[in-house]
Amino acid sequence: MAEVLVYVDHVDGAVRKPTLELLTLARRVGEPVAVALGAGAADTAAVLGEHGAVKVLTHDASEYADYLVVPKVDALQAAVAEISPAAVLVPSSAEGKEIAARLALRIGSGIITDAVDLEAGDSGPVATQSVFAASFTTKSRVSKGTPVITVKPNSAAVEAAPADAAVSELSVTFSAQATGTKVTGRTPRESTGRPELTEAAIVVSGGRGVNGSENFAIIEALADSLGAAVGASRAAVDAGWYPHTNQVGQTGKSVSPQLYIANGISGAIQHRAGMQTSKTIVAVNKDAEAPIFDLVDYGVVGDLFDVVPALTEEINTRKG
C-alpha cells in the first residue's frame, strides 16, 4: 500500500489534535508516515503510533525555532524525496497552508487547501471541499505530481489504530533561503483556559446583538459551562468588543466544530463562510427573520440576555 506523509503539528512533543485527525484520513488512502520536526520531535512517536503511523521521521535543529517556515519546507521536501508518498497532508492553519503552498511549488505538484474530507480514488486521493462561502461542496483531485492537501481541523474523528511505528531520523539539508527570515522575539499568548478556536469541538459566538464588550461575559459564561471556545462576528470585532483573533468569518477564522452556538448574530454571508460547515448549528436571535435561521439545525427566537443565562444555568445544574 502507498505511503502518505502527514506533517505533525506539535508543541515540544505534545501532538495537537488536527494531526491525529490527519492520521485518520491518511489511513483511508494509504499507510501514514508522520514527519515531526523541531524540539520534542522524538517524543511524538508513541502517540503517533497509537493513531496509525507506521513510520515516524524526526529531525531536530535550531532552524525550526529560529526561522520561519522555510526550514520545515526543506524537511518535507526531503521526506517526499525519501519515500515518494501518494500524498502529503498538512493541517489547515495559516502556517500549514504556507508550508503546503511552498512545498507544492518546490516539488512541481498541485495543491488542495481546506479539505473537509478525503477518500481513495482510482487516480489518487479525492478531497472534498466546501466552497463559495460554503454554498457548494466539491470533490477534486490533483492531476500533476504528488498531491499536497491541507485539511481543516474537526474534519474527521480521531480514531486510535495502534501500529508499531518505526522511528528514524530524516536527513535534511537546509536551503540558502532557510535562514532568510529570523524570529527575533516571542510573546506568549495569554491563556484563557479555553480550547483553541479553530480546533474546538464546541464554539459559542457573539455578534452585534451582544451590544457591548462588557456583555461578552454572558457568552464566555456559556462557553465555559460547555468547555467551548469563544468566537465573535465581524461586527462585534470591528466595534472593539472582542479581539480580532476570535473573529469567525471570511476575513477571520474558519471553524468546523461539532456544535456552533450563534448569539445575536444576524447570519450575513461573511460570517456564514467561516462556520457553515459546523456539524450542528444553534442560533439565538430576537429577530425571527434573521438570515441565520435559514442555516441552523435549532433556532431560538428570543432575547439572548434572557436565553443565554438561562441556558448556562441549566447546563451547570445538570453538570452539578
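Quick note: residue numbers are just sequence positions, from 1.
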query: Hey, does Met275 have a side-chain heavy atom less than 4.5 Å from the side chain of Ser256?
result: no
message: Taking NZ in Lys253 as the centre, count heavy atoms belonging to other residues, nucleotides or ligands within less than 6.0 Å. Is the count above 12?
response: yes
query: Is there a chain of hydrophobic side chains (I, L, V, M, F, W, Y, each step under 4.5 Å between heavy atoms) that links Val73 to Val172?
result: yes
query: Any idea which heavy atoms bring Ala283 and Val296 closest together, and the distance?
result: CB-CG1, 3.4 Å
task: For a side chain to side chain contact (heavy atoms under 4.5 Å, CB included) with Val148, tell me which candidate from Ile112, Ile107, Val142 qualifies.
output: Ile107
Side chain proximity check, Tyr7 to Leu103, heavy atoms < 4.5 angstrom: no
query: Under 3.5 Å, is there a donor-acceptor pair between the side chain of Ser278 and the main chain of Ile281?
result: no
- request: With rounding to the nearest 0.5 Å, note down the distance linking CZ in Arg194 to CD1 in Ile202.
  value: 13.5 Å
task: State, to 0.1 Å, how close Val301 and Phe293 come at their nearest heavy-atom pair, and which atoms those are.
output: CG2-CZ, 4.0 Å
- request: Answer yes or no: does atom CZ of Arg208 have more than 12 heavy-atom neighbours from other residues, nucleotides or ligands under 6.0 Å?
  value: no
field: CA sep, side-chain torsions, deciding dist, call: Val88, Val80, side chain to side chain contact (heavy atoms under 4.5 Å, CB included)
entry: CA-CA 8 Å; Val88 181; Val80 169; 3.8 Å; yes
task: Could you go through the side chain to side chain donor-acceptor pair (under 3.5 Å) check for Lys17 and Asn154 one step at a time?
output: CA-CA 9 Å; Lys17 180 170 169 277; Asn154 292 312; 2.7 Å; yes
task: Look only at the side chain of Thr44 and the backbone of Ala36, and say whether a donor-acceptor pair between them is shorter than 3.5 Å.
output: no
Residues 57-71, side-chain donor-acceptor partners within the protein, below 3.5 Å, at least two apart:
| residue | atom | partner | partner atom | Å |
| --- | --- | --- | --- | --- |
| His59 | ND1 | Tyr64 | OH | 2.8 |
| Asp60 | OD1 | Ala39 | N | 3.3 |

Common cluster, Leu226/Val255, ILVMFWY with side-chain heavy-atom separation under 4.5 Å: no
- request: Run the numbers on Glu313 and Thr317 for side chain to side chain donor-acceptor pair (under 3.5 Å), then give the verdict.
  value: CA-CA 6 Å; Glu313 182 178 357; Thr317 298; 5.2 Å; no
message: Counting only heavy atoms from other residues, nucleotides and ligands, does the tally under 6.0 Å from CD of Glu159 exceed 12?
response: yes
message: Working note: Leu20 + Leu23, criterion side chain to side chain contact (heavy atoms under 4.5 Å, CB included); need CA distance, chi angles, decisive distance, verdict.
response: CA-CA 5 Å; Leu20 304 181; Leu23 290 172; 4.2 Å; yes
- prompt: Do His51 and Leu48 have side chains that get closer than 4.5 Å, going by heavy atoms?
  reply: no
message: Applying salt bridge (charged side-chain N to carboxylate O under 4.0 Å, His left out) to Arg28 and Asp117, what does each step give before you reach the verdict?
response: CA-CA 10 Å; Arg28 298 179 186 175; Asp117 200 4; 2.5 Å; yes
query: If every non-hydrogen atom of Gly206 is compared with every non-hydrogen atom of Val210, which pair is closest and at what distance?
result: CA-CG2, 3.7 Å
query: Any donor and acceptor pair, going by atom type alone, linking the side chain of Asp12 with main-chain N or O of Gly40 inside 3.5 Å?
result: no
message: Looking at every heavy atom in both Ser254 and Ala273, which two are closest together, and how far apart are they?
response: OG-O, 4.3 Å
query: Going only through I, L, V, M, F, W and Y residues with side-chain contacts under 4.5 Å, is there a path from Leu89 to Leu105?
result: no
message: Does any part of the side chain of Asn285, heavy atoms only, come nearer than 4.5 Å to the side chain of Ile265, both counted from C-beta?
response: no
message: I'd like to know if the side chain of Thr150 and the backbone of Asp114 have a donor-acceptor N/O pair within less than 3.5 Å.
response: yes
Minimum side-chain heavy-atom gap Leu170-Glu82 below 4.5 Å: yes
query: Is there a donor-acceptor pair closer than 3.5 Å between any side-chain N or O of Asn263 and the backbone N or O of Val284?
result: no
query: Where the side chain of Lys319 meets the backbone of Ser225, is there a donor-acceptor pair that is under 3.5 Å apart?
result: yes
- request: Tell me, yes or no, whether the heavy-atom count around Glu289 atom CD, taken from other residues, nucleotides or ligands under 6.0 Å, exceeds 12.
  value: no
- request: Run the numbers on Leu197 and Val203 for side chain to side chain contact (heavy atoms under 4.5 Å, CB included), then give the verdict.
  value: CA-CA 7 Å; Leu197 181 60; Val203 175; 3.8 Å; yes
query: Say you draw a straight line from CG of Leu311 to CD1 of Ile218; how long is it, rounded to the nearest 0.5 Å?
result: 12.0 Å
message: Could you measure the distance from the CG atom of Leu76 to the NZ atom of Lys72? Nearest 0.5 Å is fine.
response: 10.0 Å
- line: Ala223 and Val230 have their tightest heavy-atom pair at CB-CG2, 3.6 Å
- prompt: Taking only residues two or more places apart in sequence or in another chain, which ones pass ring pair (Phe, Tyr, Trp, His ring centres under 6.0 Å) with Phe216?
  reply: Tyr242
query: Will you find, in the side chains of Thr113 and Lys97, an N or O donor that is under 3.5 Å from an N or O acceptor?
result: no
message: Between His271 (side chain only) and Ser266 (backbone N and O only), is there a donor and an acceptor less than 3.5 Å apart?
response: no
message: Do Pro85 and Thr146 have side chains that approach each other closer than 4.5 Å (heavy atoms only, starting at C-beta)?
response: yes
field: Non-hydrogen side-chain atoms of Val307 and Asp303 separated by less than 4.5 Å
entry: no
- prompt: Given the rule that I, L, V, M, F, W and Y join up when any side-chain heavy atoms are under 4.5 Å apart, are Phe174 and Val183 in one cluster?
  reply: yes
statement: To the nearest 0.5 Å, atom NZ of Lys152 lies from atom CD of Glu21 at 12.5 Å
message: Please report the interatomic distance CD(Glu220) to CG(Asn215), rounded to the nearest 0.5 Å.
response: 11.0 Å
query: Could you walk me through whether Gln247 and Ser233 pass the side chain to side chain donor-acceptor pair (under 3.5 Å) check?
result: CA-CA 6 Å; Gln247 182 185 334; Ser233 71; over 6 Å; no
- prompt: Linking I/L/V/M/F/W/Y whenever any side-chain heavy atoms sit under 4.5 Å apart, do Val158 and Val11 land together?
  reply: no
Exceeds 12 heavy-atom contacts within 6.0 angstrom, atom NZ of Lys144: no
query: Side chains of Val90 and Val6: closer than 4.5 Å at any heavy-atom pair?
result: no
statement: When every non-hydrogen atom of Ala104 is compared with those of Gly110, the smallest separation belongs to CB-O, 4.3 Å
Lys139 side, atom NZ; Gln129 side, atom CD - distance, nearest 0.5 Å: 11.0 Å
Backbone of Val151 reached by a side-chain donor or acceptor of Ser155 within 3.5 Å: no
message: Run Tyr260 and Thr280 through side chain to side chain donor-acceptor pair (under 3.5 Å) and show every step you take.
response: CA-CA 6 Å; Tyr260 187 87; Thr280 301; over 6 Å; no
field: Worked verdict on Ile149 versus Leu118 for side chain to side chain contact (heavy atoms under 4.5 Å, CB included)
entry: CA-CA 9 Å; Ile149 303 171; Leu118 196 65; 3.7 Å; yes
- request: May I ask you to say whether Asp9 pairs ionically with Arg16, meaning some side-chain N is under 4.0 Å from a carboxylate O?
  value: yes
